[in-house]
Amino acid sequence: MNAAFTTVKELQKMDPVFGQLSFDDHEQIVFCNDKDTGLKAIIGIHNSVMGPALGGTRMYNYANEWEALNDVLRLSRGMTFKAAITGLNIGGGKAVIIGDAKTQKTPELMRKFGEFVHSLSGRYITAEDVGMETKDMDTVRDVTPYVTGISESRGGSGNPSPVTAYGVYLGMKAAAKQQFGSDVLSGKKVLVQGIGHVGETLVDYLTKEGAIVTIADINEEKLNEVGAKYHAAIFRGDDLYSADVDIYAPCAMGATLNDNTVYKIKAKVIAGAANNQLADENVHGAILQERGILYAPDFLINAGGIINVYAELAHYDKAEIMRKTENIYNTTLEIFDFALANNMTTHHAALTIAQNRIYQRKIENNKK
């Protein structure tokens, strides 16, 4: 049932949290409210078998609370598998703040959010995500140590976006090697949807390699700025998903691969930074496979950001951050091979390997 058309009476008959497909056995959901600052937030802790739940905070002007809940459930679940597939000893969590980051975010609101994070005593460690900046994490750090991605001047790892973009770029190259026989992107037509911090850096990498880049974004001013800066074409067509390109890179919000788009896509590779790109990971992943479109699992190739912020917890340096991020290339190729050998979608292959690692750790924990 579509939440947008759910009446109050219908909602009362449903299981609005535990009954959601995206709930997927979450350990804890925390609803945070503060009248004075206007804070309305939800923290999702999906799984802590591998360690404390780590994941960014997203501030977005959701259409309704149901949409926000579903987003935090999907995002925190994805963080569990992102950490596991990357080999990090950390669990999966995420937070969303309901509101317009440009007009409603204040230092007071961020400090109050930090207090809620602190109340969880380290079960959830936050970081930067959509609608957040490094300075916001610094504000949260004023009230709790359970935050990563703070300024380098304060001993943190800084903005994770450039490392995220680098990992996506390497994952894209691995996908090109698998699909086209070469990881050289020079001359390849790439459509980047969403040119925020990560998307713009990805455009930079692609442009330097000689890819033919087209960009799309709802922010017209940013679109023109990035287009001029990197000499990238701006998509002006009616249907972005039918664009004649080799590679489609979704780098904005999730679920762009859905019933309305999955049959339109002409690209032979999908590799982007957005979380939860498949609206239904079973249905739409299978359709892409049937159509011969290679999908690079999002929670694998966009893991550079969590590698970057995890460095603050594991105490490794920039060189180790880049080494771990560069390994995304090899892991992506391994996932493709595993998917072929086991006749499954690439998403299911990545999920299976991540789940197996969590299961093995759970067995080890039970023996202690």
Side-chain angles (χ1 to χ4, degrees), residues 21-22 74-75 77-82 84-86 164-165 167-183 185 188-194 198-199 202 206 211 214 216 240-304 328-355:
L21 289 175
S22 50
R74 283 170 59 88
L75 289 166
R77 176 180 181 268
M79 291 304 296
T80 294
F81 303 128
K82 184 182 300 191
I85 196 71
T86 313
T164 302
V168 172
Y169 170 65
L170 293 173
M172 185 184 292
K173 286 176 73 67
K177 183 177 178 64
Q178 184 79 11
Q179 187 76 317
F180 306 126
S182 169
D183 66 6
L185 298 177
K188 288 285 184 285
K189 292 181 287 184
V190 184
L191 172 61
V192 179
Q193 179 189 24
V198 176
L202 179 61
L206 293 170
T214 301
L240 180 147
Y241 303 99
S242 298
D244 182 19
V245 295
D246 300 302
I247 301 171
Y248 164 51
C251 295
M253 298 299 280
T256 58
L257 302 170
N258 53 54
D259 290 341
N260 296 322
T261 64
V262 74
Y263 287 107
K264 296 178 180 180
I265 293 171
K266 293 181 180 178
K268 288 300 180 185
V269 166
I270 297 175
N275 289 303
N276 303 311
Q277 294 166 26
L278 300 168
D280 186 314
E281 60 190 50
N282 296 317
V283 173
H284 302 121
I287 293 171
L288 292 175
Q289 185 181 42
E290 290 165 8
R291 296 193 60 219
I293 299 170
L294 183 62
Y295 173 68
D298 48 38
F299 64 85
L300 166 60
I301 70 169
N302 69 10
I328 288 175
Y329 180 94
N330 296 323
T331 306
T332 304
L333 289 175
E334 289 168 8
I335 293 298
F336 293 152
D337 289 342
F338 186 85
L340 284 172
N342 292 278
N343 192 28
M344 60 176 61
T345 66
T346 54
H347 179 88
H348 189 200
L351 200 60
T352 299
I353 291 174
Q355 288 172 327

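Residues: numbered from 1 along the sequence shown.
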Rounded to the nearest 0.5 Å, how far does [atom2] of [Y] lie from [atom1] of [X]?
X	Y	atom1	atom2	value
D280	L257	CG	CG	11.5 Å
L191	D244	CG	CG	11.0 Å
F81	T352	CZ	OG1	10.0 Å
H348	Q289	NE2	CD	11.0 Å
N276	M253	CG	CE	10.0 Å
L351	T80	CG	OG1	10.5 Å

State, yes or no, whether a side-chain contact exists between [X] and [Y] at a heavy-atom distance under 4.5 Å.
X	Y	result
Q277	N302	no
I293	Q179	no
K173	L185	yes
Q178	L333	yes
D298	N275	no
T86	F299	no
I85	I335	yes
Y263	R291	yes

Students often mix this up, so state it plainly: with edges at 30° and 60°, are the rings of Y241 and Y248 parallel, tilted or perpendicular?
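Plane angle over 60°, so perpendicular.
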Where is the tightest heavy-atom contact between [X] and [Y], given as atom of each residue plus distance?
X	Y	result
A271	P250	C-CD, 4.2 Å
A252	G194	CB-CA, 4.0 Å
C251	V192	SG-CG1, 4.1 Å
A296	A175	CB-CB, 4.5 Å
F338	A349	CD2-CB, 3.6 Å
A165	V198	CB-O, 3.6 Å

Give the C-alpha distance, both sets of side-chain angles, the deciding distance and a yes or no for side-chain contact (heavy atoms from CB on, under 4.5 Å) between L294 and F180.
CA-CA 10 Å; L294 183 62; F180 306 126; over 6 Å; no
Quickly, which of D259, N258, T256, T345 forms a side chain to side chain donor-acceptor pair (under 3.5 Å) with H284? Name it, please.
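With H284 as partner, D259, N258, T256, T345 yield a single side chain to side chain donor-acceptor pair (under 3.5 Å), made by D259.
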Given side-chain contact (heavy atoms from CB on, under 4.5 Å), test V190 with L202 step by step and report yes or no.
CA-CA 11 Å; V190 184; L202 179 61; over 6 Å; no
Any luck finding a side-chain donor-acceptor pair between H347 and N282 under 3.5 Å?
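N282 and H347 do not have a side-chain donor-acceptor pair below 3.5 Å.
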